[in-house]
Amino acid sequence: MSPSSTSPSRPTSLVTGASSGIGLAVARLLVERGHRVVGTSRDPDRLSAQDRVPGVEYRALDLDDLDAVGRFAAGLLADGVEVDVLVNNAGESQCGALEELPLPEVEHLFRVNVLGPVHLTQLLVPGMRERGRGRVVMVGSMLATFPLAYRSSYVATKAAIKGFAEAARFELSPHGVWLTTVEPGSVATGISGRRTVHSQESGPYAAGLRQMLHRLDAAERDGVSAARVAATVLRAVEADPPAPTYAVGSGAPAVHVLRRALPGSVVERVVARRFGLGQHGVRG
Ligand SMILES: NC(=O)c1ccc[n+]([C@@H]2O[C@H](COP(=O)([O-])OP(=O)(O)OC[C@H]3O[C@@H](n4cnc5c(N)ncnc54)[C@H](OP(=O)(O)O)[C@@H]3O)[C@@H](O)[C@H]2O)c1
């Protein structure tokens with residue numbers, strides 16, 4: 001959706017997690033494209049000038065609190081903000097062996113990465129449907145397609161959000177509202193430093209987890225830029241209609257073609273080798 005194509009007027013976009021990384025880059029690009037942009041942060045008051053994009057209106061949103069998501073959407077409505085484009089970008093990262101993940105932490109991750117964005121979508125989609133136009137972009141992860149050991153909770157949240165988008169797409173597209181998922185590979189945003197790691201120091205998974213993290217951090221440092229992912233999000237916003245999924249970074253889309261061509265066991269071994277999990281993460 002661009003000011004000149006499907007939308008007769010200046011589109012209004014809402015970007016969650018616009019204070020850093022991919023969300024900040026998306027907010028900047030949408031401002032450049034002429035959108036009115038509302039961006040969220042859990043605490044916009046603490047954002048420095050460097051964390052802010054000129055032209056973006058910042059509002060507070062904590063996706064961990066589903067009642068707060070409801071109040072946030074009601075506030076937009078009360079202020080007459082009609083969202084045409086929702087970019088569900090905000091998310092957290094978590095690592096740990098399945099056996100050692102504390103259930104309250106898994107619940108937290110599902111609220112932030114899945115239930116919060118899904119609830120926000122539920123609240124904003126009726127307006128888009130009534131106006132006959134809208135775009136919802138879920139920022140997923142390539143890990144939903146290439147699952148990785150010690151990332152089960154994160155992988156599951158990204159697979160879940162993609163599932164919501166892929167299925168609801170069929171409900172909403174007849175009303176002019178398109179859902180799509182952008183799946184980045186490794187992106188150099190510094191998210192590694194903000195990731196929560198659950199590990200028992202001398203437990204049976206400690207060595208494998210350490211090895212995976214070492215490779216994962218290196219992959220993130222060498223990852224594509226947030227600006228490149230933002231360009232892909234923009235493609236999804238402006239395409240008419242957008243594809244169900246877009247992949248960017250870490251060799252995408254070529255690795256996705258190979259994923260479809262190769263047997264699952266081969267793909268599993270390739271992923272394991274990339275993350276140094278030959279002896280720890282998978283057998284053989
Ligand atoms: N970086 C990668 O390699 C990579 C790869 C694949 C997918 N992704 C996905 O891309 C998205 C953005 O990642 P990023 O690398 O740009 O991360 P980032 O730099 O850490 O940014 C995360 C954003 O989410 C917001 N946020 C964090 N917790 C939140 C919560 N509980 N409620 C509301 N907002 C919250 C943060 O805002 P405040 O702290 O200001 O609240 C921040 O703006 C995430 O969904 C991530 O899973 C990243």
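Values in this document were obtained by computation on a predicted structure and should not be read as measured data. Nothing fancy with the numbering, it's 1 onward along the sequence. In each ligand, atom 1 is the first atom listed, and ligand 1 is the first ligand listed.
- Side-chain contact check for R215 versus R274: every heavy-atom pair is 4.5 Å or farther apart.
- Counting protein heavy atoms only, atom 46 (C) of ligand 1 is closest to Y154 OH, 3.6 Å.
- Nearest protein heavy-atom contact of atom 22 (C) of ligand 1 is G91 O, 3.9 Å.
- Using a 4.0 Å cutoff on heavy atoms, G190 does not count as a contact of ligand 1.
- Under a 3.5 Å cut-off, the side chain of T16 and the backbone N or O of A90 do form a donor-acceptor pair.
- Geometrically, ligand 1 and S186 share no nitrogen or oxygen pair separated by less than 3.5 Å.
- For E183, no heavy-atom contact with ligand 1 is shorter than 4.0 Å.
- The protein non-hydrogen atom at the shortest distance from atom 37 (O) of ligand 1 is S19 OG, 3.0 Å.
- For ligand 1, none of its N or O atoms has an N or O atom of V112 under 3.5 Å away.
- Within the cation-pi definition used here (under 6.0 Å to the ring centroid, within 45° of the axis), R235 does not qualify as a partner of Y246.
- Note on ligand 1: T16 sits outside its first shell, no heavy atom being nearer than 4.0 Å.
- Atom 44 (C) of ligand 1 has its closest protein heavy atom at N89 O, 3.2 Å.
- Nearest protein neighbour of atom 20 (O) of ligand 1, counting heavy atoms only, is R194 NE, 2.8 Å.
- Residue T189 has at least one nitrogen or oxygen atom sitting less than 3.5 Å from a nitrogen or oxygen atom of ligand 1, judged on distance alone.
- Between F146 and V255 the shortest side-chain heavy-atom distance falls below 4.5 Å.
- Connection of Y58 to V85 is established within a shared hydrophobic cluster, with ILVMFWY side chains joined at heavy-atom distances below 4.5 Å, either directly or through further cluster members.
- In the hydrophobic clustering of this structure, V38 does not group with V15; members are Ile, Leu, Val, Met, Phe, Trp, Tyr whose side-chain heavy atoms approach within less than 4.5 Å, directly or through other members.
- Around CZ of F72, the count of heavy atoms belonging to other residues, nucleotides or ligands within 6.0 Å exceeds 12.
- The shell of residues lying under 4.0 angstrom from ligand 1, judged by heavy atoms, excludes R111.
- Atom CZ of R71 sits about 13.5 Å away from atom CG of L76, to the nearest 0.5 Å.
- Under the side chain to side chain contact (heavy atoms under 4.5 Å, CB included) rule, I161 has a single partner from V139, L115, T121, V118, which is V118.
- In this structure, of L216, V187, I161, the residue bringing a heavy atom nearest to atom 3 (O) of ligand 1 is V187.
- Taking CG of L24 as the reference point, atom CD of Q50 lies at 9.5 Å (rounded to 0.5 Å).
- Looking only at protein heavy atoms, the nearest one to atom 39 (O) of ligand 1 is R42 NH2, 2.8 Å.
- If you number the atoms of ligand 1 from 1 as listed, the ones under 4.0 Å from a heavy atom of L63 come out as 30 (C), 32 (N), 33 (C).
- Considering backbone and side-chain atoms together, H108 places no N or O closer than 3.5 Å to any N or O of ligand 1.
- Close approach of ligand 1 to G21 is summarised as follows: ligand atoms under 4.0 Å from at least one heavy atom of the residue are 16 (O), 19 (O).
- Listed by number with element, the atoms of ligand 1 under 4.0 Å from a non-hydrogen atom of G17 are 23 (C), 24 (O), 25 (C), 42 (C), 43 (O).
- Counting heavy atoms only, D62 comes closest to atom 31 (N) of ligand 1 of the residues V87, L120, D62.
- If you check each of L24, L61, V15, L47 against atom 33 (C) of ligand 1, the one with the closest non-hydrogen atom is L61.
- Side-chain atoms of R151 and S93 include a donor-acceptor pair closer than 3.5 Å.
- Among G185, G223, A226, S141, the residue whose heavy atom sits closest to atom 5 (C) of ligand 1 is G185.
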_Steps toward salt bridge (charged side-chain N to carboxylate O under 4.0 Å, His left out) verdict (R135, D84)_ = CA-CA 6 Å; R135 294 284 187 278; D84 302 303; over 6 Å; no
_salt bridge (charged side-chain N to carboxylate O under 4.0 Å, His left out) assessment of E92 paired with R195_ = CA-CA 7 Å; E92 293 181 14; R195 178 187 302 130; over 6 Å; no
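- The main-chain N or O of V197 is never found under 3.5 Å from a side-chain atom of Q94 such that the two would form a donor-acceptor pair.
- With hydrogens left out, the protein atom closest to atom 13 (O) of ligand 1 is I191 CD1, 3.9 Å, a heavy atom.
- In this structure, S192 does not count as a contact residue of ligand 1, since none of its heavy atoms falls inside 4.0 Å of the ligand.
- Remark: distances from the non-hydrogen atoms of R46 to ligand 1 include one below 4.0 Å.
- In summary, the atoms of ligand 1 found under 4.0 Å from a heavy atom of S41, numbered by their order in the structure, are 38 (P), 40 (O), 41 (O).
- The one candidate from T232, V233, L234, L86 that meets the side chain to side chain contact (heavy atoms under 4.5 Å, CB included) condition with V137 is V233.
- For atom 19 (O) of ligand 1, the closest non-hydrogen atom on the protein side is S20 OG, 2.5 Å.
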